[in-house]
Each structure stands twice: as C-alpha cells, then as structure tokens.
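Below is one structure, written out as structure tokens, with a few remarks after it.
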Amino acid sequence: DAGVIQSPRHEVTEMGQEVTLRCKPISGHDYLFWYRQTMMRGLELLIYFNNNVPIDDSGMPEDRFSAKMPNASFSTLKIQPSEPRDSAVYFCASSFWDSTPEQFFGPGTRLTVL
Amino acid sequence: RKEVEQDPGPFNVPEGATVAFNCTYSNSASQSFFWYRQDCRKEPKLLMSVYSSGNEDGRFTAQLNRASQYISLLIRDSKLSDSATYLCVVDQGAQKLVFGQGTRLTINP
C-alpha cells in the first residue's frame, strides 16, 4: 500500500515567491496533519484536518500560511509570500481515528527560501 | 516551559551497550504517550506506545511515571542500526500529538 505522498520533495525558491506543498494521505485515513521541522524548534504542528475540515490551525505562524483540504485524498499548504525563515522540512501525516492515534508521515518537502 | 522536554544529546555509545533516555511532559491530563524514531533526513515513524504498566518490544522497554510526569526508553544490546533520533510524543487528545525535540543517538562499532 502507498504511504503518505508529498510533492515536491525539494523546493528552492526566492524570497517573495509563492510556494505550494502537496499531500496525498493514506486512503481511508480521516485525519491529516501538517508539520514543520527545524533544528531550532523541532517538529511543530501547523494545522490539522478531520474529514477535510480544519480542526486546529493555532500552529500556523502567520497569515502568509494557508492550508486547504478540498477532498479526502488531497491537501495543500501554501506560503505566500515566502521568507528565508520559512526554510524547513514540511511533513504531512495522516491517521485513522481508533484507540491508538498513530500518525503516518510522508517523506517531507525540504523547502529552501533564498 | 516546553510541553515535552528531552535531552537532545548526542548520546554516543558502543555497540552492545544499554542506553536510556528520559522525557518529561507538562500536561498532567495527557493520556497517551509514544516514542517515535527518526532516521537522518527521513520522516518520523512510530517505535512504540508507552503504557502505564510499562511495555517491552524486543530490546526496547518503555516506562511511564505519571506521578513525576516522565517517560523513559531503554535500549538493550544496542545495534549500529539503532542510530537515530528518538522523539518523545504526548497525545493531547483529539488526535493532536506534541513532539519533543528528540534525542540523537549514535551507536559506535
């Protein structure tokens, strides 16, 4: 079975450009999470969805960040305009609600903003 | 105070040694706890859940102390392949997990 799929795997862009990261969760999973990982701050939850509805976006750093989940098999995280401090690895994860909330992570998108 | 705190290490131990990590959490209402493993430049993956009674999975033992709000992971007979970053994870409820910054472990031949 395919795991969580993320694209692109690497993105290098210039400050001020729009960046769109994409995620396809595991089929049948009803939760989707976006995380950001940096050396300084570790793994931070940005936003998560349940059944395509945003549940908690308190981790979104500012208005430059937005996320959507138009259907159960696709989500995007957009940064507009991007800044050098946004450079990080962005992970998408999905899970299925049951007694053990194990999250399955995608391979991540390594974003560099110059 | 961070919600989940870990010693970042690095821990460098010889192959075959026993190594232990601790982690503390701030929310006394937390119910579920986990250890995730992250290899260099890879995604985190669940290593094991942590149960109140303690649990073992091969060479790995996880313990929970609710009174002191700490979680531990013990690795016995360490292998080169155990080299990774170990993330302590606390479930805040509603599927929301909080990750510690991780403890980096290197097993030396």
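Letters A, B, ... mirror the listed sequences (proteins, then strands); counts begin at 1. Predicted model, so just to flag it, every value in this text is computed and none were measured.
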ask   = Measuring heavy-atom distances to chain B, does A:Arg110 have an atom under 4.5 Å in its side chain, in its backbone, in both, or in neither?
value = side chain

task = Tell me, for B:Lys45 versus chain A, whether the close heavy atoms (under 4.5 Å) come from the side chain, the backbone, both or neither.
result = neither

inquiry  = Quick check on the structure: residues of residues 82-92 of chain A within a heavy-atom distance below 4.5 Å of chain B, by number.
reply    = A:Phe91

query = Does B:Gln95 use its side chain to pair, donor to acceptor, with the backbone of A:Asn50 at less than 3.5 Å?
reply = no

ask   = Quick one: do B:Phe34 and B:Phe21 end up in the same hydrophobic cluster if we chain Ile, Leu, Val, Met, Phe, Trp and Tyr together by side-chain heavy atoms under 4.5 Å apart?
value = no

Atom CD of A:Glu14: over 12 foreign heavy atoms under 6.0 Å = no

ask   = Hey, any chance A:Tyr35 and A:Tyr48 share a hydrophobic cluster, counting ILVMFWY side chains that come within less than 4.5 Å of each other, even indirectly?
value = yes

Chain B contact via A:Leu43 - side chain, backbone, both or neither, heavy atoms under 4.5 Å = both

key: Proximal to chain A - members of residues 62-73 of chain B, heavy-atom separation under 4.5 Å   = none

message = Using only non-hydrogen atoms and a strict under-4.5 angstrom cutoff, which residues of residues 54-74 of chain A touch chain B?
response = A:Asp56, A:Ser58

query = Checking A:Phe33 against chain B: side chain, backbone, both or neither under 4.5 Å from a heavy atom?
reply = side chain

message = If hydrophobic clusters are built by linking Ile, Leu, Val, Met, Phe, Trp and Tyr wherever their side-chain heavy atoms come under 4.5 Å apart, do B:Phe11 and B:Leu47 end up in the same one?
response = yes

request  = State yes or no: do A:Phe49 and A:Leu46 share one hydrophobic cluster built from I, L, V, M, F, W and Y residues joined by side-chain heavy-atom distances below 4.5 Å, directly or via other members?
outcome  = yes

message = side-chain contact (heavy atoms from CB on, under 4.5 Å) for A:Gln103 and B:Tyr36? Distances and angles first, verdict last.
response = CA-CA 10 Å; A:Gln103 293 183 13; B:Tyr36 275 64; 3.9 Å; yes

ask   = Hey, quick one: are B:Trp35 and B:Phe60 part of the same hydrophobic cluster, counting side-chain heavy atoms closer than 4.5 Å, chains of contacts allowed?
value = yes

inquiry  = Counting only non-hydrogen atoms closer than 4.5 Å, can you tell me which residues of residues 96-109 of chain B sit against chain A?
reply    = B:Lys96, B:Leu97, B:Phe99, B:Gln101, B:Arg104

